[in-house]
K.L.:
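Have a look at this one.
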2 protein chains.
Amino acid sequence: MKILIAEDDPQIALSLKKNLTGEGHFVVIASDGEAALEEIEKDSFDVLLLDWRMPKRSGIEVCRQLRNDGDQIPIILLTALTDISKKVEVLEVGADDYITKPFSFDEVCARLKAVVRRSGSKSKRLTFGKFRLDLIAHTLENGEERIKLPEMEFELLHYFVEHRNLIIGKEQLSEDVWKLTFLPDTNFIEVTIKNLRKKLKALGSVNYIKTIYGEGYSFIDDEE
Amino acid sequence: MKILIAEDDPQIALSLKKNLTGEGHFVVIASDGEAALEEIEKDSFDVLLLDWRMPKRSGIEVCRQLRNDGDQIPIILLTALTDISKKVEVLEVGADDYITKPFSFDEVCARLKAVVRRSGSKSKRLTFGKFRLDLIAHTLENGEERIKLPEMEFELLHYFVEHRNLIIGKEQLSEDVWKLTFLPDTNFIEVTIKNLRKKLKALGSVNYIKTIYGEGYSFIDDEE
DNA sequence: CCGAAATATGAAAAAATTTTCATTATTGTT
DNA sequence: AACAATAATGAAAATTTTTTCATATTTCGG
């Protein structure tokens, strides 16, 4: 997951970044409202953690502008309790959720996942750890670097991520990814898996594709 | 556009099909609620024209089931005036709009376009005439046949359809599609356009990609 | 430990895609 | 009509992707 933290208090921002990075996410910090808008214009993020009060442009203004621009990024507002009178107000400006300060890191994590999961069904992107698979551009990104995947490698990874944490047999891959009605008599499935593992490794992946001897493979994503 | 008409009155169904086909769309008819659900399970459509009263499963039941299943296909209910007391009821079952019988073909067309346009911003598919470009699978379909486009051809067509009815110069294509900062000294843009035109022609296309001498190209879609 | 089965790996062949190349066709101006 | 510029076309070369092939490695059960 690629997360933008818009927060003018460096202590909060850095603490969140440290913890979220430790969970395997890619984090960018913007210390005021304008910088946040610039980051969002420059690049895409999976979710925005947005402080309510900030210099230059407040969180509310940022939120309103994004929604007016038609941007559908999931937004979580970080607020002091006195900042809001009702949750209705949060929804009015177009945020998806809010968290009141002080907050626990566990609560931030839970809300992040819930908000991203809620919008995920319409997403044109799948995430695992700090990785993002763009379903339209057929690219894989680790937060800093993006590569275009050849078609079969993209299809295979897409299938794995959609079936993360399940055991997928080679017959299933043959049928669903390669659209074959029989197990191939050469080992191109293994070769493609090799090629994909190599690409993931080059982008700094931990070991996502696990072999289950005699059964198939499982794409392990502990964050889900 | 690929349209499913769920309507038990053959006269209405056939008349709509004839007119919509004449406008360049691809139309499938289901004559009862069950057949409609089966068609939607078998294939994907851009919009569903759904008769309120039908044998086996009413339009209301179909609509409710689709929404309960999480299906987001745009739905227009076809109703007698006595069938509804308020528009609120239509929205409650999850339809996007309704048309009261008897209706004019022009009204059907206008509502179809409006409903599809409203949901189009979240679409993973672009349509022109009877064609559909799947942004995730990178396939082009004419309602009956589907081909996978090689990457550069897909990117080019995607760019054209997103900029339909505008004039696109070769410098713009070089920059935006090929990500080059200079005009190429060989003519691969023209060659790719040739290859794409050939694919469109094989699928029964009228002439979408028009050359504007000395300026570039325009993807002409009269339906928009 | 051994052997068979399953899987990983690297190289090469086959196939597909992209780009280059050369020529023909079209357009617009003089 | 002639000419230059622009664009279309087909073929071939270059590049990339996919699959085949052969061998090495790993796993598991006897």
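Note on naming: letters A, B, ... go to the chains in the order of the sequence lines (proteins, then strands), and numbering restarts at 1 for each one.
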K.L.:
Salt bridge check, A:Asp96 against A:Arg67: does any charged N sit closer than 4.0 Å to a carboxylate O?
P.N.:
yes
K.L.:
Give me the residues of residues 190-204 of chain A where at least one heavy atom lies under 4.0 Å from an atom of DNA chain C, by number, or none.
P.N.:
A:Glu190, A:Val191, A:Lys194, A:Arg197
K.L.:
Take a 6.0 Å sphere around NZ of A:Lys148 and say whether it holds more than 12 heavy atoms from other residues, nucleotides or ligands.
P.N.:
yes
K.L.:
Return the set of residues passing side-chain contact (heavy atoms from CB on, under 4.5 Å) with A:Lys201 (not counting sequence neighbours), or none when no residue passes.
P.N.:
none
K.L.:
5' to 3' on DNA chain D, which nucleotides open and close the contacts with chain B (atom under 4.0 Å from a heavy atom)?
P.N.:
D:dA5 to D:dG10
K.L.:
Taking only residues two or more places apart in sequence, or in another chain, which ones meet B:Gln11 in a side-chain contact (heavy atoms from CB on, under 4.5 Å)?
P.N.:
B:Asp9
K.L.:
Using a heavy-atom distance cut-off of less than 4.0 Å, which residues of residues 176-189 of chain A contact DNA chain C?
P.N.:
A:Asn187
K.L.:
Answer yes or no: are there more than 12 heavy-atom neighbours, outside A:Arg64 itself, under 6.0 Å from its atom CZ?
P.N.:
no
K.L.:
Please set out all donor-acceptor pairs under 3.5 angstrom arising from side-chain atoms of residues 170-177 of chain A, sequence neighbours excluded.
P.N.:
| unit_1 | atom_1 | unit_2 | atom_2 | d |
| --- | --- | --- | --- | --- |
| A:Lys170 | NZ | A:Glu190 | OE2 | 2.8 |
| A:Gln172 | NE2 | A:Tyr159 | OH | 3.0 |
| A:Ser174 | OG | A:Phe182 | O | 3.0 |
| A:Asp176 | OD2 | A:Tyr159 | OH | 2.5 |

K.L.:
With sequence neighbours left out, what residues match B:Tyr208 under ring-ring contact (aromatic ring centres under 6.0 Å, His included)?
P.N.:
B:Phe128, B:Phe219
K.L.:
Report all side-chain donor-acceptor pairs from residues 35-46 of chain A shorter than 3.5 Å, counting only partners two or more places apart or in another chain.
P.N.:
| unit_1 | atom_1 | unit_2 | atom_2 | d |
| --- | --- | --- | --- | --- |
| A:Asp43 | OD2 | A:Lys2 | NZ | 2.4 |
| A:Ser44 | OG | A:Arg132 | NH2 | 3.3 |
| A:Asp46 | OD1 | A:Arg125 | NH1 | 2.8 |
| A:Asp46 | OD1 | A:Arg132 | NH1 | 3.3 |
| A:Asp46 | OD2 | A:Lys2 | N | 2.7 |

K.L.:
Taking side chain to side chain donor-acceptor pair (under 3.5 Å) as the definition, give me every residue that meets it alongside B:Thr21, ordered by chain and number, with sequence neighbours left out.
P.N.:
none
K.L.:
Under 4.0 Å, counting only non-hydrogen atoms across every strand here, what does B:Lys148 touch: a base, just sugar-phosphate, or nothing?
P.N.:
nothing
K.L.:
Please list, chain by chain and in numerical order, all residues satisfying ring-ring contact (aromatic ring centres under 6.0 Å, His included) with B:His138, sequence neighbours excluded.
P.N.:
A:His138, B:Phe154
K.L.:
What residues from residues 210-218 of chain B pass a heavy-atom cutoff of under 4.0 Å to DNA chain C?
P.N.:
B:Tyr213
K.L.:
Residues two or more places apart in sequence or in another chain: which of them pass ring-ring contact (aromatic ring centres under 6.0 Å, His included) with B:Phe188?
P.N.:
B:Trp178
K.L.:
Under 3.5 Å, is there a donor on one side chain and an acceptor on the other for B:Arg57 and B:Gln65?
P.N.:
yes
